[in-house]
There are 2 protein chains.
Amino acid sequence: MSQTVDRALSILPLLAEGPADLGQVADRLGVHKSTALRLLRTLHEHGLVHRQSDQRYRLGARLFALAQQAVESLDVREIAHPHLVALNEKCGHTVHLAVHEENEVLYIDKVESRYPVRMYSRIGKPVAITVAAVAKLLLADLPEPERRALAVKLDYPRYTARSTPDATAFLAELAKVREQGWATDLGGHEESINCVGAPVRGVDGRVVAAMSVSAPNVVVTADELLALLPLVRRTADAISREYSGQTPAKETE
Amino acid sequence: MSQTVDRALSILPLLAEGPADLGQVADRLGVHKSTALRLLRTLHEHGLVHRQSDQRYRLGARLFALAQQAVESLDVREIAHPHLVALNEKCGHTVHLAVHEENEVLYIDKVESRYPVRMYSRIGKPVAITVAAVAKLLLADLPEPERRALAVKLDYPRYTARSTPDATAFLAELAKVREQGWATDLGGHEESINCVGAPVRGVDGRVVAAMSVSAPNVVVTADELLALLPLVRRTADAISREYSGQTPAKETE
DNA sequence: AAGTCGTGTTGCATTCCTTGCAACAGTCAT
DNA sequence: ATGACTGTTGCAAGGAATGCAACACGACTT
């Protein structure tokens, strides 16, 4: 749309391949050296481009600063909320969104079930970290040593007969979750309540949040709930895509 | 230098603060909405800007991709080499550059001493990980659990009486190194050889490489070598700055 | 339902900004 | 010294970006 800007921005991917000098940039842009010079200067003033000691140009530090600032200002909850609502409208059950912070897993959003049931969860409240599906998803993504360090530090309360009993079992469960890309809690916290969950990933592939659908088995059986898994995963993936700023199909055209 | 590009690039830091709609962007740029629209469109085509579901604009995924590709294409050794040579010319001793990879620490560059001595090191060769100054620097930067996991897995050969004896001592040494920002190896590998080293950091502050100066004490005493510390640190910092694309003083003007 | 505000979007004429050229200034090798 | 190579600057001409005004669309209010 804007020729000048278009040309200037085309320099960035070019430099991402590696440092280049003025002539190379001008050639690959198909413009005169002086034109390339002025574009590079403008990019340089904004810190997007850095001139190294051999006079060649590379991408500059500002780019990293921008990228970092962008992720920090991103609010998963804001982006995820409409998706959670849509999911709730499709299946009717309680939908949770949670994040991992300081050795705790916290609910940061919740859409209530449309069935007349209550669940003991509250936004801002730490979840039962050893059994909840969202906790498993978030912790499964940690590097192995951190995962292990955390697992041995935790208490393993026996909420029910199906609660995770100890660190060994927990680590095994996390490995499974990491492998399959989704998690469940089948009566591990409250005997009659089941959950299925899936991870939300950031642009670097790391898990930044986790969502789950919960329902008491007086409403649906565990098997029926598990049938929702594809839908849950698709929702989580949609959130991931939007969160990481990728438009589903447009990106590569 | 180029008004159009200048305006377009000014949008990026603006969006880094958080999502904004067309009107806000136009206002803060001091241009007509239609102008802002066309600039945003161009940025969008290049993927630097992403349009979220509520029509507001944010920074896009391409920015992250570019930043990542840029760091991958960066070669520490290439950037560091002239600095290593300069350091060698100033002090005359052997200078090493090393990186951490797969639970090993490898020398990736070396400038030979100008004194007639030999050192048993070779580019590409794993270093004595429990005693070398460069190893301490690289491992000290790991997250605590990984550091501990690695420390207990290592063997602690007694090269000399001053070699690190066990994991406990090693972890204590790493904590000290992490704290002070530099490291030494005083006869821990070979009785008569001392080293001082300092870390090279990337744009995110993490240690990406480590450099050291080594000399046998038949040439200089440990104290004399330690007197070089400020020089070594300054060199490492210079490499860090150049590697992370920050121009020393210009950046904040 | 009509009306109104608030968005984002498009065509178009004017004008200013970008462009390529050619000449210049360095640096390095021959 | 001389040549070839880089990066750099002034200038005129043309084209591209700009702001305007009008339009389209949806969300609210009345």
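Numbered from 1 within each chain, the chains take letters A, B, ... in sequence-line order. Computation of the quantities below employed the complete heavy-atom set of this structure, encompassing side-chain atoms and omitting hydrogens, waters and symmetry-equivalent molecules. The structure presented is a predicted model; accordingly, all values stated were derived computationally and were not measured.
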Strictly below 4.0 Å: does [X] bring a side-chain N or O up to OP1 or OP2 of [N]?
X: B:T35; N: D:dG19; result: yes
X: B:R41; N: C:dT10; result: yes
X: B:H32; N: D:dC20; result: yes
X: A:T4; N: D:dA17; result: yes

*Does A:Q3 or A:D21 map to a spot on DNA chain D nearer the 5' end, using the closest nucleotide for each?*
A:D21
*For A:V5 and A:S34, take the nucleotide of DNA chain D holding the closest heavy atom to each; which residue's nucleotide lies nearer the 5' end?*
A:S34
*Salt bridge between B:E78 and A:R56, side-chain N to carboxylate O under 4.0 Å?*
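A:R56 and B:E78: salt-bridged.
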*Are B:R28 and B:E17 ion-paired here, with the side-chain N under 4.0 Å from a carboxylate O?*
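Yes, charged N to carboxylate O under 4.0 Å.
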Atom [atom1] of [X] to atom [atom2] of [N]: distance rounded to whole Å?
X: A:R56; N: D:dG7; atom1: CZ; atom2: P; value: 11 Å
X: B:K33; N: D:dG19; atom1: NZ; atom2: C1'; value: 12 Å
X: B:R38; N: C:dT10; atom1: CZ; atom2: C1'; value: 8 Å
X: A:L37; N: C:dG26; atom1: CG; atom2: P; value: 16 Å
X: A:Q24; N: D:dG7; atom1: CD; atom2: P; value: 9 Å
X: A:R7; N: D:dG15; atom1: CZ; atom2: P; value: 13 Å
X: A:L39; N: D:dA16; atom1: CG; atom2: C1'; value: 14 Å
X: A:D27; N: D:dC5; atom1: CG; atom2: P; value: 14 Å

Any side-chain donor paired with an acceptor under 3.5 Å for [X] and [Y]?
X: A:H93; Y: A:N88; result: no
X: B:D6; Y: A:H46; result: yes
X: A:H83; Y: A:E242; result: yes

_Using the side-chain heavy atoms of A:L22, tell me which of these nucleotides is nearest: D:dC20, C:dG8, D:dT8._
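Between D:dC20, C:dG8, D:dT8, the one nearest the side chain of A:L22 would be D:dT8.
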